[in-house]
Amino acid sequence: MHDYMATMQDDFSRCLLLNTRMAARAVTRRYDRELRPFGVTAAQFTILSSMSTRPAQSVTDLAKSIAMDRTTLSRNLDLLERKRLIAGRDAEKGNGRLVSLSEEGAALVPKLLPVWRGLQSEMNALLGGDAMNALIAGLQRLPQI
């Protein structure tokens with residue numbers, strides 16, 4: 001047994017699962033509030049910002065790059081397509097789908113960036129720069145488990 005587990009004694013206040021889920025919900029609510037005037041959610045911002053750096057990617061590749069399950073991604077892509085922020089087309093081979101930003105989506109992303117930067121700054125101030133950097137570094141290691 002790891003030393004950490006031996007001293008933990010079922011202290012669920014230190015549970016990584018509980019704390020990351022609580023934090024994720026709180027951060028998502030905060031970002032959603034600020035993005036609402038633009039008609040997008042935090043999840044949709046993640047999708048749009050990822051698409052802005054990698055145009056015309058497959059749904060599978062996009063899902064992998066942002067660690068979102070395909071069902072959730074497809075639901076959000078459908079919403080974004082109805083809002084005319086993205087365009088989808090069939091892949092040249094197989095039954096895949098390629099997605100890219102529409103003109104409207106490409107014009108929206110630069111308007112969202114100042115909001116995102118402000119929220120990032122807010123989170124940095126709340127946590128402190130060193131803690132924010134350590135948190136991000138730790139979180140970036142977790143998808144590999």
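All residue numbers in this chain count up from 1 along the given sequence. Only heavy atoms go into these numbers, but all of them, side chains included; no hydrogens, no water, no symmetry mates. This structure is a prediction, so every number in the text was calculated from the model and none was measured.
Here the CG atom belonging to L80 is positioned 9.0 Å from the CG atom belonging to L73, to the nearest 0.5 angstrom. In this structure, S52 OG and F45 CZ are separated by 8.0 Å, a value rounded to the nearest 0.5 Å. To the nearest 0.5 Å, atom CG of residue N124 and atom CZ of residue R117 are 15.0 Å apart. Atom CD of Q120 and atom CG of L113 lie 11.0 Å apart (nearest 0.5 Å). Atom CZ of R141 sits about 11.5 Å away from atom CD1 of I136, to the nearest 0.5 Å.
Q44 places a side-chain N or O within 3.5 Å of a backbone atom of T41 that can act as its donor or acceptor partner. The backbone N or O of A56 lies less than 3.5 Å from no partner atom in the side chain of S100, so there is not a single donor-acceptor pair.
You'll find the side chain of S102 stays beyond 4.5 Å of the side chain of I86, heavy atoms only. For the pair M123 and M132, the minimum side-chain heavy-atom distance is below 4.5 Å. For the pair L18/M22, a side-chain contact is recorded, criterion being any heavy-atom separation below 4.5 Å from C-beta on.
Taken together through direct or relayed side-chain contacts under 4.5 Å among Ile, Leu, Val, Met, Phe, Trp and Tyr, L126 and V115 form parts of separate hydrophobic clusters. Following chains of ILVMFWY side-chain contacts shorter than 4.5 Å, one cannot reach L79 starting from Y31, and the two form parts of different hydrophobic clusters. Cluster membership check: L119 shares its hydrophobic cluster with L139, using side-chain heavy-atom separations under 4.5 Å among Ile, Leu, Val, Met, Phe, Trp and Tyr.
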Mind listing the side-chain donor-acceptor pairs of residues 32-40 below 3.5 Å, one per line with the distance, residues two or more places apart or on another chain?
from	atom 1	to	atom 2	distance (Å)
D32	OD1	A42	N	2.6
E34	OE2	R30	NH1	2.8
E34	OE2	R30	NH2	3.4

Exercise answer: donor-acceptor pairs, residues 60-67 side-chain atoms, under 3.5 Å, sequence neighbours excluded:
from	atom 1	to	atom 2	distance (Å)
T60	OG1	R70	NH1	2.4
D61	OD2	S58	OG	3.3
S65	OG	R54	NH2	2.9
S65	OG	L62	O	2.9

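A search for side-chain contact (heavy atoms from CB on, under 4.5 Å) contacts involving N133 returns nothing, not counting sequence neighbours.
In the hydrophobic clustering, L98 connects to no other residue, as no ILVMFWY side-chain heavy atoms lie under 4.5 Å from its own.
Counting only residues at least two apart or in different chains, salt bridge (charged side-chain N to carboxylate O under 4.0 Å, His left out) contacts with residues 102-116 are absent. Counting only residues at least two apart or on different chains, no salt bridge (charged side-chain N to carboxylate O under 4.0 Å, His left out) pair has a member in residues 20-29.
N19 approaches S13 most closely through the heavy-atom pair ND2-O, 2.8 Å. Heavy atoms only, all atoms of each residue included: P110 and A107 are closest at CD-O, 3.4 Å. Here the closest heavy-atom approach between residue T46 and residue S49 is recorded as O-OG, 3.1 Å. L101 and M51 get closest at one heavy-atom pair: N-CE, 3.7 Å. In terms of heavy atoms, Q57 sits closest to S50 at NE2-O, 3.8 Å.
Other residues, nucleotides and ligands contribute more than 12 heavy atoms inside 6.0 Å of the CG atom of D69.
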Residues I47, M68; criterion side-chain contact (heavy atoms from CB on, under 4.5 Å); working and verdict: CA-CA 9 Å; I47 294 164; M68 186 179 285; 4.1 Å; yes
